[in-house]
K.L.:
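Dropping a structure here in structure tokens format, bear with me for questions.
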Amino acid sequence: MRWSDSFIPTLRDAPADATAASHQLLVRAGFIRQLHSGHYSLLPLGLRVHNKVADIVRAEMDAIGAQEFLLPAMHPGDLWRRSGRWGVMGSEMFRLRDRNDTDVVLGMTHEEVFATLAAEMSSYRELPQTWYQIQTKFRDEPRPRSGLLRVREFMMKDSYSFDMDEAGLEDSFEAHREAYHKVFERLDLEVMAVQASSGAMGGDASVEFMVASPVGEDDVARCSRCGYRANIERARAAVPSLDDPPAGDAPERFATPGIRTIEALVSFEGGAPADRQIKTMVMVLDDQLTLVVLRGDHQLNLQKLADCSGAIDVRPATAAETLAELGANPGSLGAVGIDHLPIYADEALRGRRSMTTGANADDWHVRGVDVERDIIDPRWADLREVAAGEACVDCGNPLEIVRCIEAGHIFKLGRTYCEAMGVSVLDDNGVAQIPIMGSYGIGIGRAMAAVAETHHDERGLCWPVAIAPFEVVITVLDASDEAQSAAGEELRSGLAALGVDCLYDDRPLRPGVKLADAELVGVPYRVTVGARSLAQGNVELMQRSTRETRLVSVDEAVAVTAAEVGANRR
RNA sequence: CGGGAAGUGGCGCAGCUUGGUAGCGCACCUGCUUUGGGAGCAGGGGGUCGUGGGUUCAAAUCCCGCCUUCCCGACCA
């Protein structure tokens, strides 16, 4: 490909509203352009990378025996009503009506459609099956951000396994886990497989593949000693037990004028340290006002609350709702003696005595609270968010919290979708059985952005050979010089003949511009043809990531470059 | 949806406080010179100043509404 014929609109300045490195560089280097919020056009360079990522994913899926499909992006609304997710997905699902006033949706995921196809299976002999596609998903994200990292329209490889039983699902799940590790290794992404919450997808086990990056949107708790790794939405840590003095016979009310926060009560005369306070939060779980209590110095993780309650919509109550139900404002709330509202209590409060909490009257607290005696029939759950430095539950080592990009996610789904879609097969006894399903996803554009995020320097992108838009760029410094362009042409045709993916920079521009562009675009190898080296019969082979340069004779340049590229293709 | 910021040629910005009909750098076109790390000179093209309304003799500038985009939080590949 000749650069002079290509549409590679590089920019000297990044757009002002791009903050993530991958976003800035993909725009500057001419890979993507925004159409509107959360929707990006892939330019020729961007599509090349995208296709190479997709090809790697496809190859690894094929390698575990998965079969490729292509399903519609637009679905009948009724399909989603049957699975029950018409309601669950809320406003994140794009919905529209056709000319007959029929509800249609843009697919966010394809469990329903694949299950519909699976309904054609009728015998256990046809199982297991693993099906996948690489297809556009639409999600009306509340906040698209960071270029390709979080968008509303994106290509996802989504796969679905159908097995007769849990053991089969386990095999399919493990096959995917292995395949995903191979995919990310080929993309040169260092991933951590972590325990995760299943969220709106349902199901009981899920593993996320996380790439550490400050621009990520997830936090992972990690133990560097024993390897414990979990999304903060599921992570646990050991809480040292505290020795409480015995509580009195009953909680005691005391005046706390103006005290509205945990911290304020710590320093208040007659108050209590934060770990001897009970924090009371008023939440609304699917329209049900609910109290959530934690230790004063602990933080609530909303996803944990959603997971243990099964609620779809979880939000803090408004001050008005709180006042109406409890008769006090935030800062003076407590769960002691409350019997008309559901109460969730964090495990760390079990057995605690002599605790202090709000009295449900402004400017009053109660102390001497025995949690299990005074809080009526709470539902116990792990609700607290792990903090950095807390002890690993497995080995006691301090945990670290790492910001991550979620590059892939695998779920054990169970039988819900098959049941809803009427999928059943006869087993070897002629008895109808509902297959068990798994679902597995990798965002192609997100993976591409994650690579850009982790493979760049101050000059631009540094693509791994496996997914680089081109493997080699031949930079002819002075395209008007006959000797240089002759040498360049020879390299170009020689490398092309060996199947090397080559960009030939024959533009009549100043050398500085061409060298800077080559590095911005991030082609992993550059062969520089210039008068200085050529006079000695040499060209220069530079590796983008290290910027190591070596002189290679013109005669050997094709073979040496092709070998170097070949060795790094994976 | 809560909080913050911003919309002026392709990109980055100034102008707005104190209204007078739009400017700078990069990019682009033409010519000449230049050619190993984002050249120089000369000439040139391109903007309903997000949008609707209002105030005014006059609005990029002042006032009101709306739209859009970005950033921080709650959601997901």
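Sequence lines set the chain letters: A, B, ... in the order given, protein chains first and strands last, and positions in each chain run from 1.
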K.L.:
Would you state whether a donor and an acceptor, one from the side chain of A:E540 and one from the base of B:G36, lie under 3.5 Å apart?
P.N.:
yes

K.L.:
Report the distance from atom CZ of A:R28 to atom P of B:C26, rounded to the nearest whole Å.
P.N.:
16 Å

K.L.:
Rounded to the Å, how far apart are A:E153 CD and B:A77 C1'?
P.N.:
14 Å

K.L.:
What's the closest nucleotide to the side chain of A:R446 if the choices are B:A77, B:C26, B:G36?
P.N.:
B:A77

K.L.:
For A:D517, answer base if it contacts any base atom (sugar-phosphate contacts may also be present), sugar-phosphate if it contacts only those atoms, and nothing otherwise; contact means non-hydrogen atoms under 4.0 Å.
P.N.:
base

K.L.:
Go through the steps for A:R177 and A:E174 under the test salt bridge (Lys or Arg N to Asp or Glu O under 4.0 Å), then give the verdict.
P.N.:
CA-CA 5 Å; A:R177 186 203 295 272; A:E174 287 308 316; 3.0 Å; yes

K.L.:
Indicate yes or no: does A:D506 engage A:R492 in a salt bridge with an N to O separation below 4.0 Å.
P.N.:
no

K.L.:
Can you find a donor-acceptor pair, distance only, under 3.5 Å between A:D478 side chain and B:G36 base?
P.N.:
no

K.L.:
Shorter than 3.5 Å, N or O on both sides, protein versus nucleotides 14-16 of chain B: list them out with atom names.
P.N.:
none

K.L.:
So which nucleotide does B:G43 pair with, by the Watson-Crick or G-U wobble rule with both distances under 3.5 Å?
P.N.:
B:C29

K.L.:
Could you tell me which nucleotide pairs with B:A74 by Watson-Crick or G-U wobble geometry, both distances under 3.5 Å, or answer none if nothing does?
P.N.:
none

K.L.:
Which pair of non-hydrogen atoms, one from A:L477 and one from A:Q484, has the smallest distance, and what is that distance?
P.N.:
N-OE1, 3.5 Å

K.L.:
Kindly give the heavy-atom pair with the smallest separation between A:L551 and A:S533, and that separation in Å.
P.N.:
CD2-OG, 3.8 Å

K.L.:
Between B:G7 and B:C63, how far apart are the P atoms? Round to whole Å, please.
P.N.:
15 Å

K.L.:
Take atom CG of A:L11 and atom C1' of B:C13, then tell me their distance rounded to the nearest Å.
P.N.:
15 Å

K.L.:
Tell me: CG of A:L189 to P of B:A77, nearest whole Å?
P.N.:
17 Å

K.L.:
Expressed in whole Å, how much space separates the C1' atoms belonging to B:U17 and B:G40?
P.N.:
39 Å

K.L.:
May I ask which nucleotide in the shown strands pairs with B:U34, Watson-Crick or G-U wobble, both distances under 3.5 Å?
P.N.:
none

K.L.:
Check for a donor-acceptor pair, side chain of A:D505 on one end and backbone N or O of A:R507 on the other, with a separation under 3.5 Å.
P.N.:
yes

K.L.:
For A:V211, report the nucleic acid contact type (base, sugar-phosphate, nothing); a contact means any heavy atom under 4.0 Å.
P.N.:
nothing

K.L.:
Taking atom C1' in both B:U8 and B:C16, compute the distance separating them and give it to the nearest angstrom.
P.N.:
11 Å

K.L.:
Of the nucleotides B:A77, B:G38, B:G12, which one has an atom closest to the side chain of A:P15?
P.N.:
B:G12

K.L.:
Describe the nucleic acid contact of A:D481 in one word from base, sugar-phosphate, nothing, applying a heavy-atom distance below 4.0 Å.
P.N.:
nothing

K.L.:
Using 30° and 60° as the class boundaries, would you call the ring planes of A:Y440 and A:F173 parallel, tilted or perpendicular?
P.N.:
tilted

K.L.:
Suppose you measure atom P in B:U30 against the same atom in B:U48; what distance do you get, rounded to whole Å?
P.N.:
24 Å

K.L.:
For atom P, what is the distance between B:G50 and B:G44, given to the nearest Å?
P.N.:
28 Å

K.L.:
Tell me whether the side-chain N/O atoms of A:R510 come closer than 4.0 Å to OP1 or OP2 in B:U35.
P.N.:
no

K.L.:
Using a strict threshold of under 4.0 Å (side-chain N to carboxylate O), is an ion pair present between A:D218 and A:R403?
P.N.:
no

K.L.:
Which whole number of Å gives the distance between the P atom of B:G19 and that of B:A59?
P.N.:
14 Å

K.L.:
Does the side chain of A:F31 reach to within under 4.5 Å of the side chain of A:L148, using non-hydrogen atoms?
P.N.:
no

K.L.:
Measuring only the C1' atom in each nucleotide, how far is B:C62 from B:U68? A whole number of Å is fine.
P.N.:
23 Å

K.L.:
Nearest whole angstrom, please: distance from the P of B:C11 to the CD1 of A:I32.
P.N.:
14 Å

K.L.:
Can you name the atoms? Protein N/O to nucleotides 70-74 of chain B N/O, anything below 3.5 Å, with the distance.
P.N.:
residue, atom, partner, partner atom, Å
B:C70, OP1, A:Q34, NE2, 2.8
B:C70, OP2, A:S37, OG, 2.7
B:C70, O3', A:D17, O, 3.3
B:C70, O2', A:D17, O, 3.4
B:C71, OP1, A:S146, N, 3.3
B:C72, OP2, A:R143, NH1, 3.4
B:C72, OP2, A:R143, NH2, 2.6
B:C72, N4, A:R143, NE, 3.4

K.L.:
Under a 4.0 Å N-O cut-off, is there an ion pair linking A:R58 with A:D55?
P.N.:
yes

K.L.:
Assign A:S480 to base, sugar-phosphate, or nothing according to its heavy-atom contacts below 4.0 angstrom with the strands shown.
P.N.:
nothing

K.L.:
Judged by each residue's nearest nucleotide on RNA chain B, which is more toward the 5′ side, A:D13 or A:E233?
P.N.:
A:D13

K.L.:
Expressed in angstrom and rounded to an integer, what is the separation of A:F7 atom CZ from B:G10 atom C1'?
P.N.:
9 Å

K.L.:
Please determine whether a side-chain nitrogen of the Lys or Arg among A:E217 and A:R143 lies less than 4.0 Å from a carboxylate oxygen of the Asp or Glu.
P.N.:
no

K.L.:
May I ask you to decide whether A:R547 forms a salt bridge with A:D457, counting only side-chain N to carboxylate O separations under 4.0 Å?
P.N.:
no

K.L.:
In whole Å, I'd like the distance from the CD atom of A:E208 to the C1' atom of B:C75.
P.N.:
13 Å

K.L.:
I'd like the P distance from B:C49 over to B:G53, given in whole Å.
P.N.:
13 Å

K.L.:
Using a 4.0 Å heavy-atom cut-off, does A:R33 contact any base of the nucleic acid, only the sugar-phosphate backbone, or nothing at all?
P.N.:
nothing

K.L.:
With both distances under 3.5 Å as the test, what is the Watson-Crick or G-U wobble partner of B:C66?
P.N.:
B:G50

K.L.:
Describe the nucleic acid contact of A:A407 in one word from base, sugar-phosphate, nothing, applying a heavy-atom distance below 4.0 Å.
P.N.:
sugar-phosphate

K.L.:
Is there a donor and acceptor pair closer than 3.5 Å between the side chain of A:R526 and the base of B:G37?
P.N.:
yes

K.L.:
Hey, which sits more toward the 5' end of RNA chain B by its nearest nucleotide, A:E519 or A:M155?
P.N.:
A:E519

K.L.:
When you measure only distances, ignoring hydrogens and angles, does the side chain of A:R139 come within 3.5 Å of the base of B:C76 through a donor and an acceptor?
P.N.:
no

K.L.:
Using Watson-Crick or G-U wobble geometry with both distances below 3.5 Å, tell me the partner of B:C24, or none.
P.N.:
B:G12

K.L.:
Go ahead and name the base partner of B:U17; Watson-Crick or wobble counts if both distances stay under 3.5 Å, otherwise write none.
P.N.:
none

K.L.:
How would you label the contact of A:G408 with the nucleic acid (heavy atoms, under 4.0 Å): base, sugar-phosphate, or nothing?
P.N.:
sugar-phosphate

K.L.:
Salt bridge check: are A:R234 and A:D382 linked by an N-O gap of less than 4.0 Å?
P.N.:
no

K.L.:
Between A:K157 and A:E68, does any side-chain N to carboxylate O distance fall below 4.0 Å?
P.N.:
no

K.L.:
B:U55 pairs with which nucleotide, Watson-Crick or G-U wobble, both distances below 3.5 Å?
P.N.:
none

K.L.:
Now, which nucleotide makes the Watson-Crick or G-U wobble pair with B:A60, with each of the two distances under 3.5 Å?
P.N.:
none

K.L.:
Can you check the A:M156 CE to B:C76 C1' distance for me, whole Å?
P.N.:
10 Å

